[in-house]
Amino acid sequence: MATNEFDSIKSLALVSDTHGLLRDSVTEALQDVDLIIHAGDIGNRSLLQRLEAIAPVIAVRGNVDNELVYLPLAEVVSVNGRLIYVLHDLSLLDLDPASAGFAMVVSGHSHQPRINRRHGVVYVNPGSIGPRRFRLPISLAKVTFGRLQLNVRLIDFNE
């Protein structure tokens, strides 16, 4: 698996589960980011193009991305020298991120925003910025880079 490398990134957005919907409020919130990582269930190519008009996009295929079969199921991204593993469904993770040298694992699928730290690895599910599912929030995550750590925060759109 090839690694996409990005240096000098100040702010990174983690999004997932758009299912073809990109809200104006989300587009506004993404204006200050240097890179967008999409953890799948995108919906269609035109949504990816709209995100690419804001910042470079790294995306993986989710379980409903039938028209986006060219996207990988998993991706490795190096951001400012830190490795990030991206996949749609965390239950399909088939490696030990800590021993493989990953700083972060990004996944989606559940629509439930969550940030956990285990064995020095930050696990982030940014939630969904697509159609609301049940009572789950509309959310994404933003990452900023400190000298020694990744600073991750969830942004809830309350829509």
Side-chain angles (χ1 to χ4, degrees), residues 4-6 8-80 82 84-93 102-117 121-146 149-159:
N4 296 284
E5 292 190 41
F6 297 88
S8 304
I9 298 292
K10 292 184 180 116
S11 180
L12 159 68
L14 308 175
V15 301
S16 189
D17 296 280
T18 44
H19 294 275
L21 175 63
L22 186 59
R23 304 160 194 274
D24 290 341
S25 57
V26 170
T27 302
E28 280 180 39
L30 295 175
Q31 293 304 311
D32 66 342
V33 303
D34 303 310
L35 178 65
I36 300 169
I37 293 179
H38 197 305
D41 280 1
I42 296 155
N44 54 53
R45 176 73 186 127
S46 65
L47 189 136
L48 271 183
Q49 291 168 332
R50 289 177 61 203
L51 289 174
E52 289 166 348
I54 298 168
V57 176
I58 299 296
V60 297
R61 187 170 73 233
N63 56 293
V64 302
D65 289 326
N66 300 327
E67 86 174 55
L68 301 170
V69 294
Y70 60 91
L71 289 175
L73 293 173
E75 191 69 86
V76 174
V77 186
S78 175
V79 179
N80 300 344
R82 294 178 175 105
I84 301 172
Y85 192 85
V86 186
L87 74 165
H88 182 60
D89 185 346
L90 187 60
S91 72
L92 301 177
L93 184 65
F102 288 97
M104 178 182 287
V105 174
V106 179
S107 63
H109 189 59
S110 71
H111 294 227
Q112 296 178 356
R114 183 167 290 136
I115 301 169
N116 294 319
R117 286 176 169 76
V121 178
V122 180
Y123 290 79
V124 182
N125 184 325
S128 169
I129 55 172
R132 184 178 299 280
R133 188 171 168 200
F134 311 115
R135 294 179 180 264
L136 296 172
I138 306 301
S139 64
L140 59 81
K142 283 193 177 177
V143 182
T144 54
F145 296 85
Q149 68 178 11
L150 301 167
N151 303 302
V152 185
R153 65 185 171 99
L154 293 169
I155 298 172
D156 187 336
F157 288 90
N158 286 323
E159 294 180 8

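Just the heavy atoms: all of them, side chains too, but no hydrogens, waters or symmetry mates, feed the values below. Numbering starts at 1 and runs along the sequence shown.
- Although no hydrogens or angles enter the test, the distance criterion places no donor-acceptor pair under 3.5 Å between the side chain of Thr144 and the main chain of Ser11.
- For the pair Arg82 and Phe145, the minimum side-chain heavy-atom distance is below 4.5 Å.
- The shortest side-chain heavy-atom distance between Val105 and Val86 does not fall under the 4.5 Å cut-off.
- Between the side chains of Gln112 and Asn125, no donor N or O sits under 3.5 Å from an acceptor N or O.
- No hydrogens or angles considered: a donor-acceptor pair under 3.5 Å links the side chains of His38 and Thr18.
- Residues Asn151 and Val143 are not in side-chain contact: their nearest non-hydrogen atoms beyond the backbone lie 4.5 Å or more apart.
- Between Asn4 and Val76, every side-chain heavy-atom pair lies at or beyond the 4.5 Å cut-off.
- Partners of Phe102 according to the ring-ring contact (aromatic ring centres under 6.0 Å, His included) rule, which considers only residues two or more places apart in sequence or in another chain, are Tyr85.
- Asn80 places a side-chain N or O within 3.5 Å of a backbone atom of Ser8 that can act as its donor or acceptor partner.
- You'll find the side chain of Leu140 reaches within 4.5 Å of the side chain of Phe157, heavy atoms only.
- Residues Leu47 and Asn44 approach most closely at N-OD1, 2.8 Å, considering heavy atoms.
- Of all the heavy atoms in Ala39 and Ser107, the pair that sits closest is CB-C, 3.7 Å.
- The two atoms that bring Ala141 and Pro126 nearest to each other are N-CB, 3.7 Å, heavy atoms only.
- Leu12 CG to Leu35 CG: the interatomic distance, rounded to the nearest 0.5 Å, is 5.0 Å.
- Taking the side chain as every heavy atom from C-beta outward, Arg114 and Leu154 never approach each other to under 4.5 Å.
- Listed here is the closest heavy atom pair of Asp89 and Leu87: O-CD1, 3.2 Å.
- Two residues are said to be in side-chain contact when any heavy atoms from C-beta on lie closer than 4.5 Å; Lys142 and Leu14 fail this criterion.
- Closest heavy-atom contact between Asp17 and Gly127: OD2-O, 4.1 Å.
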May I have the list of side-chain donor-acceptor pairs in residues 55-69 shorter than 3.5 Å, sequence neighbours left out?
{"from": "Arg61", "atom 1": "NH1", "to": "Val69", "atom 2": "O", "distance (Å)": "2.6"}
{"from": "Arg61", "atom 1": "NH1", "to": "Leu71", "atom 2": "O", "distance (Å)": "2.6"}
{"from": "Asn63", "atom 1": "OD1", "to": "His88", "atom 2": "NE2", "distance (Å)": "2.9"}
{"from": "Asn63", "atom 1": "OD1", "to": "His109", "atom 2": "ND1", "distance (Å)": "3.2"}
{"from": "Asp65", "atom 1": "OD1", "to": "Ile42", "atom 2": "N", "distance (Å)": "2.8"}
{"from": "Asp65", "atom 1": "OD1", "to": "Gly43", "atom 2": "N", "distance (Å)": "3.0"}
{"from": "Asp65", "atom 1": "OD2", "to": "Asp41", "atom 2": "N", "distance (Å)": "2.9"}
{"from": "Asp65", "atom 1": "OD2", "to": "Ile42", "atom 2": "N", "distance (Å)": "3.2"}
{"from": "Asp65", "atom 1": "OD2", "to": "Gly62", "atom 2": "N", "distance (Å)": "2.7"}
{"from": "Glu67", "atom 1": "OE2", "to": "Arg45", "atom 2": "N", "distance (Å)": "3.4"}

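- Look at Lys10 and Asp32 and you find no salt bridge, because none of the NZ, NE, NH1 or NH2 atoms lies under 4.0 Å from a carboxylate O.
- Between Gly40 and Ser16, the closest heavy-atom pair is O-OG, 3.5 Å.
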